[in-house]
Amino acid sequence: MDNGLTGLLGIARKAGKLEVGEESVSSAAKAHKARALLLASDAGERTRRHAESLVTGNCPLLPAPLTKAELGGAVGRGSCAILALTDAGLANAAAQKLEGVDPQIRQHLEYKAEKTLRRRRETRRREKETQRGKPWAPPPADQ
């Protein structure tokens with residue numbers, strides 16, 4: 001059972017926060033936009049080695065309990081061996097749904113998700129303050 005992982009991947013795809021396939025995953029990882037990589041359980045050895053080479057401190061490799069066909073079906077493809085989540089919150093949610101993930105990795109992804117959320121809230125707060133500071137002027141009257 002995938003514990004809702006396929007639904008989460010579908011949401012990520014619709015939100016545009018998911019890269020599918022080796023080339024797009026590789027470019028997202030090299031551009032430091034990937035927050036977590038998901039690898040199918042039956043991925044080939046070459047794909048596994050390539051995914052391990054893309055892993056950085058901010059982008060862990062998470063083994064998915066899904067086959068290539070199941071993973072591809074979750075994102076609207078025939079089959080898919082590797083995915084990259086580009087949103088910290090979605091990467092954290094995926095790590096929480098997966099069993100066997102190192103607790104240190106889970107803690108790191110949770111920290112990144114909280115940090116991203118704090119930044120977004122702070123940006124929204126500043127934007128609202130800027131809007132409040134603008135004086136209101138009535139529209140010009142027709143003479």
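Just the heavy atoms: all of them, side chains too, but no hydrogens, waters or symmetry mates, feed the values below.
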Measuring from atom [atom1] of [X] to atom [atom2] of [Y], what distance do you get when rounded to the nearest 0.5 angstrom?
{"X": "Asn92", "Y": "Gln107", "atom1": "CG", "atom2": "CD", "answer": "11.0 Å"}
{"X": "Leu66", "Y": "Leu39", "atom1": "CG", "atom2": "CG", "answer": "11.0 Å"}
{"X": "Glu122", "Y": "Glu127", "atom1": "CD", "atom2": "CD", "answer": "11.0 Å"}
{"X": "Leu90", "Y": "Leu9", "atom1": "CG", "atom2": "CG", "answer": "9.0 Å"}
{"X": "Lys112", "Y": "Thr116", "atom1": "NZ", "atom2": "OG1", "answer": "7.5 Å"}
{"X": "Glu45", "Y": "Arg48", "atom1": "CD", "atom2": "CZ", "answer": "6.5 Å"}

(request) Indicate, with yes or no, if Leu83 and Leu109 share a hydrophobic cluster defined by side-chain heavy-atom contacts under 4.5 Å among Ile, Leu, Val, Met, Phe, Trp and Tyr. (result) yes
(request) Check the hydrophobic clustering (I, L, V, M, F, W, Y; side-chain heavy atoms under 4.5 Å; chains of links allowed) and say if Ile105 and Leu85 are grouped together. (result) yes
(request) Would you mind checking if Glu19 and Arg13 are paired as a salt bridge, meaning a charged N to carboxylate O distance below 4.0 Å? (result) no
(message) Check this for me, if you would: do Arg125 and Glu129 make a salt bridge, where the nitrogen-to-carboxylate-oxygen distance has to be below 4.0 angstrom?
(response) yes
Are [X] and [Y] side-chain neighbours, meaning at least one heavy-atom pair lies under 4.5 Å?
{"X": "Cys59", "Y": "Leu37", "result": "yes"}
{"X": "Ile82", "Y": "Ser26", "result": "no"}
{"X": "Leu18", "Y": "Val75", "result": "yes"}
{"X": "Leu38", "Y": "Leu98", "result": "yes"}
{"X": "Glu70", "Y": "Thr6", "result": "no"}

Taking all atoms of both residues into account, what is the closest heavy-atom pair of [X] and [Y], and its distance?
{"X": "Leu5", "Y": "Pro65", "answer": "CD2-CD, 4.2 Å"}
{"X": "Gly21", "Y": "Ser24", "answer": "O-OG, 3.5 Å"}
{"X": "Glu99", "Y": "Arg106", "answer": "CA-NH2, 3.9 Å"}
{"X": "Ala81", "Y": "Leu71", "answer": "O-CD2, 4.1 Å"}
{"X": "Gly89", "Y": "Ala113", "answer": "CA-CB, 3.9 Å"}

Donor-acceptor contact present, side-chain [X] to main-chain [Y], <3.5 Å:
{"X": "Arg35", "Y": "His32", "value": "yes"}
{"X": "Ser79", "Y": "Gly72", "value": "no"}
{"X": "Asp42", "Y": "Lys68", "value": "yes"}
{"X": "Glu114", "Y": "Tyr111", "value": "no"}
{"X": "Thr47", "Y": "Ala43", "value": "no"}
{"X": "Thr86", "Y": "Lys33", "value": "no"}

(message) Just checking Arg121: does its CZ atom have more than 12 heavy atoms from other residues, nucleotides or ligands closer to it than 6.0 angstrom?
(response) no
